[in-house]
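Remember, it's 1-based here, ligands and their atoms both numbered in the order they're listed. As a basis for the values below, the full set of heavy atoms in this structure was taken, side chains included, without hydrogen atoms, waters or symmetry mates.
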Amino acid sequence: MTENKKELISIIIPCYNEEDGLDNFFIELQKATEQIANTEKEFWFIDDGSIDKTLQIIKEFVEKDKRVRYISFSRNFGKEAAIQAGMEHAKGNYVVIIDADLQDPPELLPDMYREVKENGYDSAAARRVNRKGEPRIRSFFSCLFYKIMRKMTGVEIADGARDYRLMNRKFTDAVLRLSEYNRFSKGLFAWVGFRTKWVEYENVTRAAGESKWTFFALLKYAISGIVTFTTVPLVISSFMGIIFCAVAFLAVVFIIVRKCLFGDPVAGWASLACIMTFLSGIQFLVMGIFGQYLAKMYLEIKARPLYLVREMSADSKLCE
Ligand code: UDP
Ligand code: MG
């Protein structure tokens, strides 16, 4: 074959209010990608409804570098939607997802590329080996979440895994085939299988700006991740029902026996009140769990688009 065409690497960068560090990030990213010889690159900046100057800065990039493309959402749809939009539009033989805040070190890219190109992996993903600089409480709950997730789903999501990843076309297309509305990328990447090389690195704190995650946003993300990925909580709910029925039955037997043997002094109303409150608490919990699944199904059935584009770069052709 006389194919001289260089392979294309598409780099997807979800951006939400990243005006402070975006310039610097792009310089670092360009530096790192230059290390990957014999390939073309395209940069897909996905502006996730930023309300600062992010879009303006991206447009300046477009002026200066003809490999830059962008999509700007009509509002903030979340990072998962931004990743999806990027993956749908990226045409590369290899696709990279990287955060805009330099927490995903661009200098890992040449290594990641090598693992996929030469060592037979389908994707190379970055994993933090520590969480230096992160609030303790956040680290604790994150670790707990991944533990629960691994136990419940059986899908291997590495602790400290990030969305930072380089994938080949096969892997990218596999992820794109999962058309669900409730997307939990880390889970989807693990679910599709294939061979992933974990590239480890020390945690880096944000270069500029602030994380968009509050504690409650993370909690919601965690619950949503579990609900979209496994139905184990429903099974646990059913078991809870069975266990409480069994306990109640034993209690009835105990009361009847006691009545027969010792008569029935009126006592125990306090413990009764406690038990009733406890049980109704459990009932609400179980109903809540059902509700979570119902809500997810509701959103899934509505099948709304994951994102709406307000504007995008005119030229989305391959660059030379
Ligand atoms: N991001 C996004 N949409 C959002 C929130 C975040 O596109 O609604 C982008 C953000 O600009 C950054 C990446 O996702 O490039 C990671 O965000 P962040 O740093 O806030 O998350 P963390 O690193 O704390 O997990
Ligand atoms: Mg970050």
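- Less than 4.0 angstrom separates some heavy atom of Asn76 from each of these atoms of ligand 1: 3 (N), 4 (C), 8 (O).
- Under a 4.0 Å criterion applied to the non-hydrogen atoms of Asp101, ligand 1 contributes the atoms 19 (O), 23 (O).
- At the shortest separation from atom 24 (O) of ligand 1 among protein heavy atoms lies Ser211 OG, 2.7 Å.
- The distance from ligand 1 to the heavy atoms of Gly78 drops below 4.0 Å at these ligand atoms: 3 (N), 8 (O).
- Atom 6 (C) of ligand 1 has as its closest protein heavy atom Lys212 CG, 3.7 Å.
- Within a 6.0 Å sphere centred on CG of Leu178, heavy atoms belonging to other residues, nucleotides or ligands number more than 12.
- Separating the CD1 atom in Ile58 from the CG atom in Asp47 is a distance of 5.0 Å, to the nearest 0.5 Å.
- Arg127 and Glu200 are joined by a salt bridge, as a carboxylate oxygen and a charged side-chain nitrogen come within less than 4.0 angstrom of each other.
- Against a heavy-atom cut-off of under 4.0 Å, Cys15 is close to the following atoms of ligand 1: 7 (O), 11 (O).
- For atom 7 (O) of ligand 1, the closest heavy atom belonging to the protein is Pro14 CB, 3.4 Å.
- In terms of protein heavy atoms, atom 23 (O) of ligand 1 is closest to Gln103 OE1, 2.7 Å.
- Relative to the six-membered ring of Phe43, Arg67 misses at least one condition, a distance below 6.0 Å or an angle of at most 45° to the axis.
- Seen from the ring of Trp198, Arg165 counts as a face-on cation partner, given the 6.0 Å and 45° thresholds.
- Every atom of ligand 1 with a heavy atom of Arg162 under 4.0 Å away is listed here by number and element: 23 (O).
- At under 3.5 Å, not a single nitrogen or oxygen of Ala82, backbone or side chain, sits near a nitrogen or oxygen of ligand 1.
- In this structure, atom 1 (N) of ligand 1 lies nearest to the protein heavy atom Tyr16 CB, 3.7 Å.
- Each of the following atoms of ligand 1 lies closer than 4.0 Å to a heavy atom of Asp48: 2 (C), 3 (N), 4 (C), 7 (O), 8 (O).
- Distances below 4.0 Å separate heavy atoms of Glu18 from the following atoms of ligand 1: 10 (C), 11 (O), 12 (C), 15 (O).
- For Phe45 and Phe61, the distance between ring centers is under 6.0 angstrom.
- Among heteroatoms of the N, O or S kind in Asp101, OD2 lies nearest the Mg ion (ligand 2).
- Salt bridge present: Arg169 and Asp173 bring a charged side-chain N and a carboxylate O closer than 4.0 Å.
- Using a cut-off of 4.0 Å between Lys/Arg side-chain N and Asp/Glu carboxylate O, Glu34 and Lys31 are scored as not salt-bridged.
- Of all atoms in ligand 1, listed by their number and element, those nearer than 4.0 Å to a heavy atom of Asp99 are 13 (C), 15 (O), 16 (C), 23 (O).
- Both the backbone and the side chain of Lys79 come within contact range of ligand 1, each with a heavy atom under 4.0 Å.
- Dense packing is recorded around NZ of Lys296, with more than 12 heavy atoms of other residues, nucleotides or ligands lying under 6.0 Å away.
- Here Arg162 pairs with Asp99 in a salt bridge; the nearest charged N to carboxylate O distance falls below 4.0 Å.
- Among all non-hydrogen protein atoms, the one lying nearest atom 17 (O) of ligand 1 is Arg206 NH2, 4.1 Å.
- A salt bridge is defined here as a Lys NZ or Arg NE, NH1 or NH2 lying under 4.0 Å from an Asp or Glu carboxylate O, and Lys59 with Glu311 meets this definition.
- Nearest to atom 22 (P) of ligand 1 among the protein's heavy atoms is Trp213 CD1, 3.7 Å.
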